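See structure below.
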Amino acid sequence: MASIAERLDTVHFVVDESAHIVVDGEKCRGCEAHPCLTFCPAHCFTKNERGGIDYYYVGCVECGTCLLLCHGEAVQWSYPRGGCGVHYRF
Ligand code: SF4
Ligand code: SF4
């Protein structure tokens with residue numbers, strides 16, 4: 001069975017200049033578990049050297065998990081504009 005990384009290699013992205021995910025870093029300060037670091041299959045969330053959360057929307061596969069599981073309600077999420085975002089080949 002293919003790994004998640006191998007599966008992600010099969011998708012194509014058309015990058016929208018406007019981010020479809022916005023994270024309120026102030027709300028992240030009160031989040032101790034940082035589940036986004038583990039539940040995002042595309043690893044769009046990383047911890048920075050200041051202890052805050054950085055996110056990168058370009059590789060997002062639009063699964064919506066961060067919106068559902070961010071208990072701090074820090075994530076604002078919408079689909080990328082038409083024609084942009086992830087394109088699945090299979
Ligand atoms: S789970 Fe939500 S509130 Fe917690 S660090 Fe991630 S984005 Fe921020
Ligand atoms: S929608 Fe899915 S792939 Fe995109 S950032 Fe959220 S958890 Fe990661």
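Since this is a predicted model, take the numbers as computed values, not measurements. Both ligands and their constituent atoms are indexed starting at 1 by order of listing.
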Count the heavy atoms belonging to other residues, nucleotides or ligands that lie under 6.0 Å from CZ of Phe39, then report whether that count exceeds 12. yes
Closest heavy-atom pair, Cys66 versus Trp77, reported as atoms and distance to 0.1 Å, is SG-CD1, 3.7 Å
Find the distance between SG (Cys40) and CD1 (Ile21) and round it off to the nearest 0.5 Å. 7.5 Å
Validation row: Pro35, Leu69 side chains within 4.5 angstrom (heavy atoms): no
Mark up the atoms of ligand 2 that fall under 4.0 Å of a heavy atom belonging to Gly64, in ascending order. 1 (S), 2 (Fe)
Measuring from atom 7 (S) of ligand 1, which candidate in Gly72, Gly30, Cys28 has the nearest non-hydrogen atom? Cys28
Phe45 side chain reached by Val23 side chain, heavy atoms, under 4.5 Å: yes
Is there a donor-acceptor pair closer than 3.5 Å between any side-chain N or O of Asp54 and the backbone N or O of Asn48? no
Within less than 2.8 Å, report the number of protein N/O/S atoms around atom 8 (Fe) of ligand 2. 1
Relative to the heavy atoms of Pro35, which atoms of ligand 1 are at a distance of less than 4.0 Å? 1 (S)
In short, Glu62 meets Gly85 closest at the heavy-atom pair OE2-CA, 3.3 Å
Go through ligand 1 atom by atom and flag the ones less than 4.0 Å from a non-hydrogen atom of His34. 5 (S)
Which atom pair, heavy atoms only, marks the closest approach of Val61 to Tyr88? O-OH, 2.8 Å
Which of the ligand 2 atoms, numbered from 1, are nearer than 4.0 Å to a heavy atom of Trp77: 1 (S)
Tell me, with the steps shown, if Tyr57 and Cys44 meet side chain to side chain contact (heavy atoms under 4.5 Å, CB included). CA-CA 6 Å; Tyr57 70 93; Cys44 291; over 6 Å; no
Please state whether Tyr57 comes within less than 4.0 angstrom of ligand 2, counting heavy atoms only. no
How close does the nearest protein non-hydrogen atom get to atom 4 (Fe) of ligand 1, and which residue and atom is it? Cys31 SG, 2.3 Å
Can you confirm whether Arg7 sits close enough to Met1 that some side-chain heavy atom of one is under 4.5 Å from a side-chain heavy atom of the other? yes
Those atoms of ligand 1 less than 4.0 Å from some heavy atom in Ile53: 5 (S)
Around atom 3 (S) of ligand 1, find the nearest protein heavy atom and jot down its residue, atom name and distance. Cys70 SG, 3.5 Å
